[in-house]
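I'd like to ask some things about the structure below.
Proteins come first, then strands; the chains are lettered A, B, ... in the order of their sequence lines, and each starts at number 1.
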Amino acid sequence: MKKFTQFLSFPGRYAVHGWLALALAASSLFSLAQEEAITPPETSPSSDEAEIEVAVVLEEAPPDPIRELRERQNQIQQVFKRVAPSVVALGSANRRRAGWGSGVIVNESGLILTAGHVTEATGENIVVYLADGREMEGKRLGMNMHRDASMVQIVYDDDSMTFPYVEIAEPDTASLGDWVVAMGHPGGYDPTRPAPLRVGRVIQKQGLKLLVTDCTLAGGDSGGALFDLEGRLIGIHSSIAQSLSHNIHVAMAVFHKHWDQLLEGKEWGNLANLFDEPLPGYERKVDRSKNRALLGADLDKRTSNGVLVTKVPPGFPAAEGGLRPGDVIVQFDGESVSTYPQLFRLLSLMDPGDEVDVVVERRGREVALQITMGDRAKLLGERR
Amino acid sequence: MKLKRALRAMKEITLIGMACPVWAGSAPAQHFVDDERGPDGAESFEESLGRYFEAADRRRVKTPFEKRHRNTLMEFVPVVDRARQSTVKVYKGDYVKVLGTVVAEEGLIITKASEIGDDTELAVELPNRGKKVAELIEVDTENDLALLWVHDFNLTPVTWAPGRELPVGSMLATPGSLEMPLAIGAVSLPLRNLSEGNKGFLGILMQASDDGEGVEVTEVVEDSGAAAAGIQPGDVIQAVDGQAMKTRHDLINMISGSEPGDTVVVHVRRGEEAMILEVTLGDLDSGRSYAMPMHEMLDNTARMGGRVSRKRSGYLAAIQHDMLLKPNQCGGPVVNLDGDVIGVNIARASRVKSYAIPSEVIQEWLGDPRELAATVLQTRVKNAEAARLAAEEALQEALDAEVDMRAALRELEEHRAAASAPSSAADDDDEPPLPVDDEAEGR
């Protein structure tokens, strides 16, 4: 249910109100059928009372359209306050090794979770840069290189010493679409700033092993922490791919499963088979070697201030994306377009299956379309 | 060459920095490696790299939960609704170079200075109003802001947010010309001073020397300070400015603490020979950061994901946020959830960060917008007056000239009339007509 409402997001809520108003006009019986979508009265009064109460609510207080956003913002700010003191940077104590990474403290005696490839690069002796600026000595514990997970213990003499730490989530608490917060040290430790925060959403789960989010990461973030909006640790940053949306985190289940081995200092595995599935968004990927992209519309090659669409044959990508004759293409794939050669250059960079944002002028108004580029060989071949 | 080296360095990411199996599995486009400019007409190799990654990003379908997907962006429609009316596109010739922010009703707009270059061929496209020629009034180089003026007195200026620092985690949105925002994200860090971010650049790749008595140079970057000073691969750098360089860290700390243009004295051992060389440092931010030792691997992951702004550092105060912008989407307003403008996007800086100049800094620079508009208009009025006076003078001259010519013509006609009246009919035929007559009769 929670996932569903997030997916519907803003337009969905208005639709619900629309139904409710109709139901009230037609019959009070319907108001009960719609109750779950809107906050129902605590007790269940007679149907007359319910009708009046809901009607008053609708007249007086239209809901704040961005109430959910405000709540989410508040949660993100709280998460940052709670977790920032526990996010650390890791460097090698051996000054001739170049490893840099991040980590997060998970208990008051200074146990740190990080990525396997970070402690592999730093070696056993590690410098831990705490959020308050202190540099501490650290010792590598175990490494599970199959799953890119590792632990580090802060080493200190003073037994009364405690460290700020974060709460670890149970295995598999994150759901697709959940908003999440990433913390770490991109570019390595920088004394002029704390670990920068990034927000995003969970866009894929690869079993219980990996989470993929669109919180952007860069080198140095490895080993850093991914939190849910309750401030619980749900992942450790591992890797990235070319797309801005492909940021990969080791899921908490991996640490739960191998907790004792990691704590004991066991080292095993290699990074060769980290991925089980293709990253999200490549499902419709096509073989580039044979195909070329097709828009499927006739364009006026002479116009300036945008490219005029003259014909849109049905069944082609342009028609399916909602392009109409008479539209003037003014923006294609985020770049503004005023002449045909400009558009042609952008078109030639496309591949079949690319989803492209197109903005057209239609009767004086700008309209945004999303068109999925077609496969020229296939589409034109079929018609012949 | 530069490209090849950068791409080689990137492949090493799979081994050293962020493990990146997907990148390791797919070879970079061959044409791109062989062509220093790139087939896309990119101006620099950095831009080429950015375009390469943007193309890779485009080859996939955005899934419904992503923050760049329509579903997520649509939630922010009411947030950007007001500031959208104050967002303009800034053109250079036929191309949209960057966005702009309306700061006064009387035609004042600010934008990112380094993207528009000189003051020629500038135009802005106002919401629902089409393109208008723009004039460049003033530039603040430190914050990379430019003030433009267009002849329009009914623009909608932005509403600045009350001046207090935004907590980390505050949500932000960047309005574009459409209903939904161009990007959404959050404040990443407390306000930063980036004026020291401009680091010196020596121009070498290096490793620890075999005997541990210095740092061995493995490669020298073309056109760098190191190359100009004659440093060669195989040289061992033993000291810089009198300080011993035992490790790579020592050298990195030394150089990154200096500024472009600084000169350092480098003690070098080449085989058995000891040399002292003077090196003038280059600029790390000018697009050669990939060659910076140690951080180079990290920096390359920071490029994965698209183009970055050419100028992206040096601000005295900047808000770091994580909105996924393209370089030409800077210059426009950034709003908080109340829809008030908290600053102006000034740079896409890497995969993980963008910068905005906070509204307080901009307001301080502009002063009272109405006064500023008055000053700008005073100048325009003076110019217009001067133009009018010049035009009036020219008109007067033209009128005077016409009057003079008419007078002269009349005299000639009178003279001819006087000459023809008493003469005989025979004489009349012989006399050739004056050419001026033909013209005057409007033949």
Does any backbone or side-chain atom of B/Arg351 lie under 4.5 Å from a heavy atom of chain A? Answer side chain, backbone, both or neither.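 Both backbone and side chain.
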Partners of B/Glu165 by side-chain hydrogen bond (donor to acceptor under 3.5 Å, both in side chains), sequence neighbours excluded?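 Partners of B/Glu165 by the side-chain hydrogen bond (donor to acceptor under 3.5 Å, both in side chains) criterion come out as none, since no residue qualifies.
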Just wondering, do B/Glu179 and A/Glu366 contact through their side chains at under 4.5 Å, heavy atoms?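 In short, these two side chains do not touch, never coming nearer than 4.5 Å.
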A/Arg193 side-chain N/O to B/Leu189 backbone N/O, donor-acceptor pair under 3.5 Å: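 Answer holds: no.
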So which of A/Asp357, A/Val337, A/Val356, A/Asn247 has the biggest tally of heavy-atom pairs under 4.5 Å with chain B?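 It is A/Asn247.
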Looking at every non-hydrogen atom in both residues, tell me the closest pair between B/Thr63 and A/Gly281 and how far apart they are.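 Closest approach of B/Thr63 to A/Gly281: CG2-N, 4.0 Å.
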So, for A/Leu197 and B/Gly169, which heavy atoms are closest and what is the spacing to 0.1 Å?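 Smallest interatomic distance, heavy atoms only, reads CD2-CA, 4.0 Å.
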Any side-chain heavy atom of B/Arg192 within less than 4.5 Å of one from A/Thr192?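 Sidechains of A/Thr192 and B/Arg192: in contact.
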Looking at A/Asp214, A/Asn305, A/Ile76, A/Thr213, which one has more heavy-atom pairs under 4.5 Å with chain B than the rest?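 Greatest number of close heavy-atom pairs with chain B: A/Asp214.
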Output, in order, the C-alpha distance, side-chain angles, deciding distance and verdict of side-chain contact (heavy atoms from CB on, under 4.5 Å) for B/Phe65 and A/Val202. CA-CA 7 Å; B/Phe65 294 121; A/Val202 178; over 6 Å; no
Quick check for you: among A/Thr216, A/Asn74, A/Leu244, which has the greatest number of heavy-atom pairs under 4.5 Å with chain B?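 Most pairs with chain B among the choices: A/Leu244.
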A/Gln331, A/Arg198, A/Met373: which one forms the most heavy-atom pairs within less than 4.5 Å of chain B?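 So the answer, after comparing A/Gln331, A/Arg198, A/Met373, is A/Arg198.
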At a heavy-atom separation under 4.5 Å, does A/Pro194 approach chain B through its side chain, its backbone, both, or neither?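 Both backbone and side chain.
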Verify the distance criterion only: is there a donor paired with an acceptor across the side chains of A/Arg201 and B/Thr72 at less than 3.5 Å?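 Checked: A/Arg201/B/Thr72 side chains pair up, N/O donor to acceptor below 3.5 Å.
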By a 4.5 Å heavy-atom criterion (distance strictly below it), what part of A/Ala182 contacts chain B: side chain, backbone, both, or neither?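 Neither part; nothing is under 4.5 Å.
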Under 4.5 Å from a heavy atom of chain B, the part of A/Gln342 involved: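 Contact with chain B involves the side chain of A/Gln342 alone.
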Check step by step if side-chain contact (heavy atoms from CB on, under 4.5 Å) holds for B/Lys67 and A/Ser245. CA-CA 9 Å; B/Lys67 58 185 180 186; A/Ser245 299; over 6 Å; no
Give a yes or no on this: more than 12 heavy atoms of other residues, nucleotides or ligands lie within 6.0 Å of atom CD of A/Glu335.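 More than 12 heavy atoms, drawn from other residues, nucleotides or ligands, come within 6.0 Å of this atom.
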Compare all side-chain heavy atoms of B/Met171 with those of A/Gln77 and state whether any distance is below 4.5 angstrom.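 Counting from C-beta outward, B/Met171 and A/Gln77 never come under 4.5 Å.
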Start with the C-alpha distance between A/Asp333 and B/Glu54, add both sets of side-chain angles, then the distance that settles side-chain contact (heavy atoms from CB on, under 4.5 Å), and finish with yes or no. CA-CA 11 Å; A/Asp333 192 32; B/Glu54 278 168 20; over 6 Å; no
